[in-house]
Amino acid sequence: MTSTPTPAQTGRRVPPRYAGAPVIEVRDLHMSYGPTRVLEGVSFSAARGEVVALLGPNGAGKSTTIEILEGFRMRSAGQVSVLGVDPPQGDETWRAGIGVVLQSWRDHGRWRVRQLLEHLGGYYRPYSTAERPRPVDAGELLAMVGLTEFADRRVSTLSGGQRRRLDVAIGIVGRPEVLFLDEPTAGFDPHARREFHDVVHRMSDFESTTVLLTTHDLAEAEKLADRILILAGGRIVANGSADELSRQVAGRTEVRWSIGGERFVHAAEDGTAFTRELFEEHGERVAELEVRRATLEDTYLEMVQRYENRPSDGPRVDAGEAEKLRADFGGAA
Amino acid sequence: MKRLNPVLLGLRRGRIEMAQSLTTRADQFWLVLMNGAFIAVLWFQRDNTIPGTDVSLALATLPSLIGMSVFATGWMGAAQQLSAEREDGTLLRAKSTPDGMLGYVVARVTFGVLNAGVGIVVFLVAGLLVLDGLGDVPVVGWLSLVAIFVLGLLATLPWGAMIGSLVKSSAAGFGLSFLPAAGLIAISGIFYPISGMPDWLHPVAQVFPTYWLGLGMRAALSPEAAAAAEIGGSWRHLETFAVLGLWAVVGLVIAPRILRRMARRESGSQLEERRQRALQFGN
């Protein structure tokens with residue numbers, strides 16, 4: 001992962017191990033709910049074994065996008081293909097290759113943890129192949145998500161985090177080729193989060209599972225994903241590895257200083273040049289100087305804020321704003 | 001194998017859920033409370049006679065109660081379970097599992113049959129202990145009980161499922177199935193012969209399966225002489241099968257379409273919306 005990328009690789013933004021036809025392909029996806037436009041031309045693809053994070057503020061259309069890919073929601077326009085199939089046309093064999101983890105499952109409260117996992121796994125048995133034996137053994141799965149000691153508990157007695165881990169286990173019980181995770185780590189403690197990250201990496205490394213997850217936590221996206229897509233204003237405004245995105249936004253620098261006890265802050269395009277001018281002008285009167293390069297997180301948060309402050313009644317994003325964002329993120333779209 | 005597997009899983013699922021219901025405190029409480037109340041009714045009626053006959057009134061009420069419990073499980077049970085399971089995500093889970101919807105539907109029917117069966121067994125055991133005369137029921141009577149049981153479930157389950165898939169929340173699922181059901185039970189001659197009801201209610205009651213389920217069960221289990229208290233002084237076997245059959249056929253034709261339309265619309269964000277609403281208004 002640390003080797004210098006060749007131009008061809010950076011051009012495709014996909015490391016070489018992800019060869020072959022894309023597992024997920026989305027082109028010019030549009031989605032409206034009545035007059036409200038949520039997605040306005042989303043395009044991206046994901047290769048076999050790739051972990052892609054869909055990042056964006058609440059209401060940006062992350063869940064809508066993932067539901068369209070899961071085949072649970074009809075789109076307004078555009079082309080979508082998952083495992084080579086248009087999701088609404090997907091049959092049960094296609095369904096067997098898809099793993100889904102949603103945000104708000106509260107089902108099967110009366111079932112025992114292992115009993116539920118074994119029952120749901122049973123549906124995948126006819127779809128077992130030599131390459132992908134199905135289902136995954138329930139004991140193995142429980143160990144993987146750290147629920148072994150809760151195997152005989154009623155599901156309703158699990159804590160929020162444990163419940164989510166069970167949902168993840170159910171999502172992968174069919175050894176899916178594509179796994180969709182909607183806000184998977186909401187309510188996880190740091191330890192559970194770490195274990196969850198291991199599970200995702202195992203799925204992509206050992207099972208070549210393509211993973212698409214939504215999150216509004218940048219740190220999580222950075223840790224988990226080979227590639228981050230930032231969704232804002234109904235479009236993908238950034239697309240690349242965490243490193244690439246950091247480099248694209250490295251431009252701005254925050255400079256703080258004080259003169260005679262009065263504090264100043266300035267966001268400079270070129271921090272070095274600005275600081276030089278500052279000293280030329282004020283010399284020794286400059287005190288408490290701080291120069292901080294904007295991180296990916298700063299830029300992301302700023303972007304989120306900009307979209308969350310938009311008026312709620314007008315069109316969701318104005319074109320100039322979206323253009324400016326795309327410019328901020330180095331023109332990726 | 002591919003089609004059989006989900007059917008077997010659905011059967012097993014229905015069985016597991018029945019076992020869960022029987023071992024859950026809240027369900028046990030309802031089972032004991034409701035059935036206890038009905039058995040008390042039988043106890044108090046045992047010395048009364050059906051008007052115009054010398055047959056114990058309880059011997060007519062017991063089969064009526066059996067008919068009512070089939071109606072309650074089929075209609076109310078299905079409506080409430082479906083609306084609740086849409087709300088908690090069980091349905092979406094089935095949808096995201098290969099052949100999961102087929103397994104789910106099989107499980108719902110299995111559970112309905114088992115649940116109604118438990119109700120019948122409770123009433124019959126109580127009847128044998130409390131009442132004289134139930135032991136005299138001929139084999140034909142028991143066979144027609146089974147026939148009315150199956151036909152009654154077919155006539156009510158699909159309608160309950162439709163209500164469950166059309167309502168917006170599980171609370172509405174409860175209200176919209178419980179209130180009409182309670183009304184129908186009151187006017188359908190379950191606790192007292194319908195001939196004792198105002199005449200204008202007779203045609204209303206006879207449109208719905210509740211009345212015919214009660215009548216069918218009485219025809220199966222009550223002494224022949226009790227027919228005197230029925231409309232027209234007869235068990236009207238033919239009409240019973242015709243009306244219940246019609247409800248079954250129409251229900252089975254429409255229900256799959258409505259269920260499929262509802263299932264197609266289920267998605268994660270709908271689930272989240274309903275969850276938020278449920279949180280807001282309390283449970």
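Chain naming here is simple, since letters A, B, ... match the order of the sequence lines and numbering starts at 1 in each. All values derive from a computational prediction rather than experimental measurement.
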Quiz item: Out of Arg73(A), Gln103(A), His119(A), which one racks up the most heavy-atom pairs below 4.5 Å with chain B?
Solution: His119(A)
Quiz item: Has Tyr33(A) got more than 12 heavy atoms of other residues, nucleotides or ligands less than 6.0 Å from its OH?
Solution: yes
Quiz item: Highest number of heavy-atom pairs under 4.5 Å with chain A: which of Gly89(B), Ala84(B), Ser21(B), Ala263(B)?
Solution: Gly89(B)
Quiz item: So which part of Gln115(A) gets closer than 4.5 Å to some heavy atom of chain B, the side chain, the backbone, both or neither?
Solution: side chain
Practice problem: Tell me, yes or no, whether the heavy-atom count around Arg12(B) atom CZ, taken from other residues, nucleotides or ligands under 6.0 Å, exceeds 12. | Solution: no
Exercise. For each of Glu70(A), Arg112(A), Met74(A), Arg154(A), tally heavy-atom pairs with chain B at distances under 4.5 Å, and name the one with the top tally.
Key: Arg154(A)
Self-check item: Minimum side-chain heavy-atom gap Glu85(B)-His108(A) below 4.5 Å
Solution: no
Quiz item: Between Trp111(A) and chain B, which part of the residue has a heavy atom less than 4.5 Å away: side chain, backbone, both or neither?
Solution: both
Practice problem: Mind ranking Thr90(B), Thr23(B), Leu91(B) by heavy-atom pairs under 4.5 Å with chain A and telling me who comes out on top? | Solution: Thr90(B)
Quiz prompt | Nearest-0.5 Å distance that lies between atom OG1 in Thr97(B) and atom CD in Glu92(A) | solution = 9.5 Å
Self-check item: Check: Glu87(B) and Arg106(A) side chains under 4.5 Å, non-hydrogen atoms
Solution: yes
Practice problem: Heavy-atom distances under 4.5 Å only: say whether Ile16(B) touches chain A with side chain, backbone, both or neither. | Solution: side chain
Practice problem: Between chain B and each of Thr64(A), Ile98(A), Asp107(A), count heavy-atom pairs under 4.5 Å; write down the option with the most. | Solution: Asp107(A)
Quiz item: Rounded to the nearest 0.5 Å, how far does CZ of Arg13(B) lie from CG of Leu116(A)?
Solution: 7.5 Å
Quiz item: What part of Ile170(A) gets closer than 4.5 Å to chain B, counting heavy atoms only: side chain, backbone, both or neither?
Solution: side chain
Quiz item: Taking side chain as C-beta onward, heavy atoms only, is Leu102(A) less than 4.5 Å from Arg93(B)?
Solution: no
Quiz prompt | From Leu9(B) atom CG to Tyr123(A) atom OH, the distance as rounded to the nearest 0.5 Å | solution = 5.0 Å
Practice problem: Flag the pair Asp99(B) / Tyr127(A) as yes when at least one side-chain heavy-atom distance between them is below 4.5 Å, and no otherwise. | Solution: yes
Quiz prompt | Chi angles and distances behind the side chain to side chain contact (heavy atoms under 4.5 Å, CB included) call for Arg110(A), Asp27(B) | solution = CA-CA 12 Å; Arg110(A) 290 180 169 186; Asp27(B) 290 20; 2.8 Å; yes
Quiz item: Got Trp105(A) and Ser96(B) here, is their nearest side-chain heavy-atom distance under 4.5 Å?
Solution: yes
